[in-house]
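This report refers to the structure that appears directly beneath it.
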Amino acid sequence: MPPAITASGNGVDESRLKFLRGRYSYASITDKISDVVLTRPTHWGWYAGFALCTLLTLLFVIAIAYLFATGVGIWGVDIPVAWAFAITNFVWWVGIGHAGTFISAFLLLLRQKWRTSVNRFAEAMTIFAVAMAGLMPILHLGRPWFFYWLVPYPDIMNVWPQWRSPLVWDIFAIGTYIVVSILFWYMGLIPDLATLRDRSDSRVKQIVYGLFALGWRGEARQWKRFDTAYLLMAGLATPLVVSVHSVVSLDFSIGNTPGWHSTIFPPYFVAGALFSGFAMALTISIPLRAIFGLKDFITARHLDNIAKVMLVCGLLVAYSYVVEIFMAFYSGDEFEKFMVVNRMTGPYAPIYWTVVFCNVVVAQLMWWKRVRLSTLALFVISIIVNIGMWLERFMIIVTSLHRDFLPSSWDVYYPTFWDWATLFGSLGAFAWLFLLFVRFLPAISISEMRKLVLEKREGET
């Protein structure tokens, strides 16, 4: 068995140093990662989680089917709160997907070696989160079977999409994001699929993995083209970290609704997206490394780096909260000032103060190195941050809508069972897809990990 993970005084994992100095060979690296997929018996925790997620996924399917049959009246939306859980879920899920793109593409361009152990499952997290996000605006349409009207397809009736509609912008933003994310993820998988093809004892697995490996043989010519294409894809995906959630923020900022009409929304939403995305990366990676015995690959140093990025993003989110309050009063706009006071003292005041606690107060714990090196503390903080970021999106949407310009139209939004079923069902579907991923595909890049060891050895010689 590999040695236990310990942290030295300078924050570098001792087992990681042994690993990079030749403690494990190419074969042992391949064995340890590929055996999770090919030979190791499935952990009981995987079965328990899969059973629970299957039930939640079924709940999600039932909620969608009932919505299609009955309409959005099953939700608690009303006038003036026409946007509620569906759009809240949409913005939250898009944000979670940002960590995968940032880790995979942005850190690759910056030549950050620590991304190697976490980029594969972060990329999968991005794809599954964006898939959940893409469903939410469609479900919100009222007539979701006509979602293709949002796409500028050739129409003999000359009825084209309304280009000033944020829904059309979302189609392009989310569509581009998920296509690039899938291509980037699959491209990195090709060498590992070939490894699984060659090591598998099952004829069926050899055929399936071989088909998706696209004839990969590991030749020098193939590696040269692969590295060039992978770097180009990283350069293409990196701007999406900024552009996608900026487009989502414009859904709000182009309106004149108090609390939405703000130029700070694009950077504010991007920082919040990375904050929640890296929190979800911690929520996933900590159980993953414990259940599948991957502590030599996803080490305390990796968790420490993720926590540092979270701390920076959390400070940017806290700064955005302060700027939002300052600009409301500095502008002299009575409606903006009322919106801020209403958030703090109105019907949804508990949500506002919970958001401040989860996203600002709790995040400050990561200043301490002892907290960043504690897996239990990071796991709890990541869950709290994810809850806080979902509540932040709910706060932005609902508290700005439920008190509009006409007091005669004021109302309070109350979620129904089907609102909650859609939320928790989407969480179950996301986890269900991720559990299938870790069972049938390597959660850590075998080829990149071997390349990292080779570079380390060459540097020492």
Are T54 and W432 linked by a side-chain donor-acceptor pair shorter than 3.5 Å? yes
Does the ring center of F338 lie less than 6.0 Å from the ring center of W410? yes
Looking at F394, I'd like to know if its CZ atom is crowded, meaning that more than 12 non-hydrogen atoms belonging to other residues, nucleotides or ligands lie closer than 6.0 Å. yes
Side chains of W260 and D251, donor plus acceptor under 3.5 Å: no
Run Y413 and Y348 through ring pair (Phe, Tyr, Trp, His ring centres under 6.0 Å) and show every step you take. CA-CA 10 Å; Y413 163 79; Y348 297 105; 7.6 Å; no
Taking the six-membered ring for Trp and the full ring for Phe, Tyr or His, determine whether the centres of F60 and F424 are under 6.0 Å apart. no
N-O pairing of K337 and D333 below 4.0 Å: no
Will you find, in the side chains of N359 and Y321, an N or O donor that is under 3.5 Å from an N or O acceptor? yes
Is any NZ, NE, NH1 or NH2 atom of the basic residue among R120 and D192 found under 4.0 Å from an Asp or Glu carboxylate oxygen of the other? yes
Aromatic contact between W216 and F226, with the criterion being ring centroids under 6.0 Å apart: yes or no? yes
Working note: F102 + F278, criterion ring pair (Phe, Tyr, Trp, His ring centres under 6.0 Å); need CA distance, chi angles, decisive distance, verdict. CA-CA 9 Å; F102 185 88; F278 276 92; 5.6 Å; yes
Can you check whether W353 and F357 have ring centres sitting under 6.0 Å from each other? no
S331 versus E336, side-chain donor and acceptor atoms under 3.5 Å: no
When the ring centroid of F121 is compared with that of F437, is the distance short of 6.0 Å? no
Could you check whether the rings of W46 and F50 sit parallel, tilted or perpendicular, using 30° and 60° as the cut-offs? parallel
Carboxylate-amine/guanidinium proximity below 4.0 Å for K113 and E448: no
If we ignore angles and hydrogens, is there a donor and acceptor under 3.5 Å between the side chains of Y209 and T195? no
Taking it one step at a time, do M389 and V385 satisfy side-chain contact (heavy atoms from CB on, under 4.5 Å)? CA-CA 6 Å; M389 289 306 297; V385 168; 4.1 Å; yes
Looking only at side chains, do S426 and W93 share a donor and an acceptor under 3.5 Å apart? yes
Could you tell me whether F329 atom CZ has more than 12 heavy atoms of other residues or ligands within 6.0 Å of it? yes
Is it the case that the ring center of F297 lies less than 6.0 angstrom away from the ring center of H302? no
Between atom CZ of F90 and atom NE2 of H140, what is the distance when rounded to the nearest 0.5 Å? 10.5 Å
Taking everything shown except Y148 itself, do over 12 heavy atoms lie less than 6.0 Å from its OH? yes
Is the F184 to Y230 ring centre distance short of 6.0 Å? yes
For L303 and R289: C-alpha separation, side-chain torsions, deciding distance, then whether side-chain contact (heavy atoms from CB on, under 4.5 Å) applies. CA-CA 11 Å; L303 303 183; R289 68 196 289 269; 4.1 Å; yes
Residue pair H98 / T101, side-chain donor-acceptor N/O under 3.5 Å: no
Determine whether the aromatic ring centres of W75 and F85 lie less than 6.0 Å apart. no
So, for V371 and I381, which heavy atoms are closest and what is the spacing to 0.1 Å? CG1-CD1, 3.7 Å
Nearest 0.5 Å please: distance from the OG atom of S253 over to the CG atom of L250. 4.5 Å
